[in-house]
Amino acid sequence: MPGRDQELGSYYVGVDVGTGSVRAALVDQRGILLAFADQPINQWEPQFNHHEQSSEDIWVACCIVTKKVVQGIDLNQIRGLGFDATCSLVVLDKQFHPLPVNHEGDSHRNIIMWLDHRAVNQVHRINETKHSVLQYVGGVMSVEMQAPKLLWLKENLRETCWDKAGHFFDLPDFLSWKATGVTARSLCSLVCKWTYSAEKGWDDSFWKMVGLEDLVADNYSKIGNQVLPPGTSLGNGLTPEAAKDLGLPAGIAVAASLIDAHAGGLGVIGADVRGHGLACEGQPVTSRLAIICGTSSCHMGISKNPIFVPGVWGPYFSAMVPGFWLNEGGQSVTGKLIDHMVQGHAAFPELQAKATARCQSIYAYLNSHLDLIKKTQPVGFLTVDLHVWPDFHGNRSPLADLTLKGMVTGLKLSQDLDDLAILYLATVQAIAFGTRLIIEAMESAGHSISTLFLCGGLGKNPLFVQMHADITGMPVVLSQEVESVLVGAAILGACASGDFASVQDKLSALTAVIYPQGGNGKNEQSWESCVS
Ligand SMILES: Nc1ncnc2c1ncn2[C@@H]1O[C@H](COP(=O)(O)OP(=O)(O)O)[C@@H](O)[C@H]1O
Ligand SMILES: O=C(CO)[C@H](O)[C@H](O)COP(=O)(O)O
């Protein structure tokens, strides 16, 4: 195994369930990642805007990757396990068996994924109530949250799903239940996706007003009536059955979980920036914005007092960093949009063949191709005539409009590799402009942000990172540990074991600062005139 130092003592396992894959890491007491494994997971799209997964598939993938990262080490040195996951809705019956979330009655597909937009009608009615809980989700509830999805199940799958359901879990909480048998929910999931208040608990009047009064009558037992801060140790730790599945010792500490973006935020927001001359050095952590960029991008800004930002989720108390309020901006599809634009282009087979011949990823190839065709001008100017509006899956923030669609202007008849590379660049730039709009909305409402801390799969793309620096005009800090989300998950395990006093216990080391390059940005006037 890579670089193992058996002398160090304690290890922690972090498991991160993203949209496209499950990842696990073995992390030591310094928060350094020693081993990594990943495994793709299935997704189904039985109808347009219906996205489903299987909790059994996901658990199997968690077991495969966990067994891989602990191979060859003394299992007695493993002290804690933490999970993070996307905020997808898992449905189980009263005996904890999967229930179908689809008209086909396929109970294997028992997860409505976070990006599923089937509950448009339901969320519209929820927003029409103007209930006071909506103030804490940016004023408008998103179709990606859990209340509209629950209402959809009640109205569309009453007999096959709703009436039989015993447990509705956010995916991070499903995983901690599966590992420990404890049904307690994480404060992170319930506050961010289920309208729970860290200060006041559930609001009965909301659930009654939207037509989900049966959840109140049950004293919230189906959606959670025991709520714990992320990192809290659950029950008696890992059950013997789960221990066998995962290849870990029974009884090790298992933590209350985090949503994936929040684990990434925790993994990067405390980075040690001393000596780089960054404006955030010596300033409160509230001057930092963590951006977690995978299938989607999530923009996590914290404050000492609640800040209400129209169209930006939150303010959520203690949902990421204990004692701080969180605002969470987001773009529903970013990595997925880049993949969609590139893979759907006529020149994609040629790109694949050329990248394979050079043993490069398609994105590394495209980035070097852009360097070739830009000649002497800054790369950003290759798109003066081509513009993308990136809301192909609606706008999460700051417009909070799920009906918005994508747009490309400036297309020509040619569809060669140069065109593909330039379309890819315009897409990346459009996503970065979207981030700028989110930052502007947060700053107008009272945030004061000087530095970005970026992680997630898109953090491996230098063009994506540079365009975020150029277009926002802010330096972007990358952590030494590329898999910062996983480090966040492992820190949960370290907290649950009692080895770390709190989830903020570890400062992540900074690896690089990407500064804005003046004059390298896209011609902003042309972009703004095209989209206004
Ligand atoms: N080496 C890479 N270079 C460029 N882009 C990458 C690379 N690896 C992943 N990506 C991008 O990151 C996205 C997936 O990020 P990831 O964090 O794995 O997603 P998720 O957590 O949603 O499963 C992909 O859509 C792809 O666009
Ligand atoms: O809503 C979110 C966090 O609140 C995330 O966008 C969602 O969980 C998907 O994450 P990822 O893009 O990393 O798969």
Side-chain angles (χ1 to χ4, degrees), residues 15-23 36 38-43 51 53 58 61 65 83-89 111-117 137-138 142-146 149 170-172 186 188-194 257-267 290-300 312-314 316 319-320 326-343 355 359-368 393-394 396-397 424 427-428 431 454-467 482-486 488-489:
V15 178
D16 165 37
V17 179
T19 301
S21 65
V22 175
R23 282 83 61 158
F36 168 85
D38 64 351
Q39 177 77 16
I41 42 178
N42 286 323
Q43 295 177 46
H51 296 264
Q53 282 183 322
I58 288 175
V65 289
F83 293 97
D84 73 72
T86 64
C87 43
S88 298
L89 177 68
I111 298 181
I112 303 186
M113 292 179 70
W114 62 271
L115 76 169
D116 185 299
H117 282 191
V137 289
S142 165
V143 70
E144 294 172 8
M145 292 182 172
Q146 308 299 18
K149 290 172 176 160
D170 222 80
L171 184 53
S186 162
C188 174
S189 344
L190 290 200
V191 167
C192 297
K193 308 292 167 175
W194 300 71
S257 313
L258 278 168
I259 299 170
D260 55 355
H262 302 62
L266 258 192
I291 315 186
I292 298 83
C293 309
T295 302
S296 61
S297 290
C298 301
H299 307 70
M300 323 296 277
V312 171
W313 294 348
Y316 299 135
M320 187 174 86
L326 170 72
N327 284 105
E328 180 181 346
Q331 294 165 287
S332 291
V333 289
T334 52
K336 188 175 172 71
L337 177 65
I338 296 171
D339 298 345
H340 173 81
M341 297 298 250
V342 170
Q343 290 167 16
C359 298
Q360 277 183 320
S361 79
I362 52 170
Y363 295 115
Y365 188 93
L366 280 173
N367 293 349
S368 53
H393 198 51
R396 195 189 278 181
S397 312
Y424 155 72
T427 306
V428 171
I431 292 167
L454 196 146
C455 66
L458 286 164
K460 296 175 199 157
N461 184 340
L463 181 83
F464 185 89
V465 178
Q466 187 67 58
M467 287 300 136
V482 180
E483 299 295 340
S484 301
V485 183
L486 268 170

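Model, not experiment: these values are computed from the prediction. Just follow the structure's listing: the first ligand is 1, and inside any ligand the first atom is 1. The basis for the numbers below is simple: all heavy atoms, side chains too, and nothing from hydrogens, waters or symmetry mates.
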Measuring from the heavy atoms of [X], does anything fall under 4.0 Å of ligand 2?
X    : value
C298 : yes
H262 : yes
K193 : yes
M145 : no
C192 : no

**OP:** Report, in ascending order of atom number, the atoms of ligand 2 lying under 4.0 Å from any heavy atom of R396.
**Re:** 1 (O), 2 (C), 6 (O)
**OP:** Enumerate the atoms of ligand 2 whose separation from the nearest heavy atom of I259 is less than 4.0 angstrom.
**Re:** 3 (C), 4 (O)
Can you confirm, on distance only, whether ligand 1 has an N/O atom lying under 3.5 Å from any N/O atom belonging to [X]?
X    : value
S361 : no
D260 : no
G457 : yes
G335 : yes

Given side chains that start at C-beta, do those of [X] and [Y] come closer than 4.5 Å, heavy atoms only?
X    : Y    : result
T295 : W114 : yes
C192 : I259 : yes
I338 : L458 : yes
W313 : K193 : yes
L326 : H262 : yes
L89  : W194 : yes
M113 : T86  : no
R23  : F36  : yes

Considering only non-hydrogen protein atoms, determine which one is nearest to [atom] and report residue, atom name and distance to 0.1 Å.
atom                    : answer
atom 6 (O) of ligand 2  : S296 OG, 2.6 Å
atom 8 (O) of ligand 2  : D260 OD1, 3.1 Å
atom 3 (C) of ligand 2  : E328 OE2, 3.2 Å
atom 2 (C) of ligand 1  : K460 CB, 3.9 Å
atom 14 (O) of ligand 2 : T19 OG1, 2.4 Å
atom 22 (O) of ligand 1 : T295 OG1, 2.5 Å
atom 25 (O) of ligand 1 : D339 OD2, 2.7 Å
atom 21 (O) of ligand 1 : R23 NH2, 2.8 Å
atom 2 (C) of ligand 2  : C87 SG, 3.7 Å

For the 3.5 Å polar cut-off, considering only N or O atoms, please tell me whether [X] and ligand 2 meet it.
X    : result
W114 : no
T86  : no
W313 : no

Original post:
Backbone N or O of S297 within a donor-acceptor pair of the T334 side chain at under 3.5 Å?
Top reply: yes
Which ligand 1 atoms does [X] reach within 4.0 Å, using its non-hydrogen atoms?
X    : result
Y363 : 4 (C), 5 (N)
G18  : 21 (O), 23 (O)
G20  : 23 (O)

**OP:** Indicate whether any N or O donor in one side chain lies under 3.5 Å from an N or O acceptor in the other, for S88 and Q53.
**Re:** no
On a heavy-atom basis, which atom in [X] and which in [Y] lie closest, and how many Å separate them?
X    : Y    : result
A61  : I41  : CB-CG2, 3.8 Å
I292 : A261 : CD1-O, 3.3 Å
A290 : G265 : CB-CA, 3.9 Å

**OP:** Could you label the plane-to-plane angle of the H117 and H393 rings as parallel, tilted or perpendicular, counting under 30° as parallel and over 60° as perpendicular?
**Re:** parallel
**OP:** May I ask you to decide whether R396 forms a salt bridge with E144, counting only side-chain N to carboxylate O separations under 4.0 Å?
**Re:** yes
Original post:
Hey, what do you get for OG (S257) to CG (D170), rounding to the nearest 0.5 Å?
Top reply: 9.5 Å
**OP:** Return yes when L458 approaches ligand 1 closer than 4.0 angstrom through a heavy atom, no otherwise.
**Re:** yes
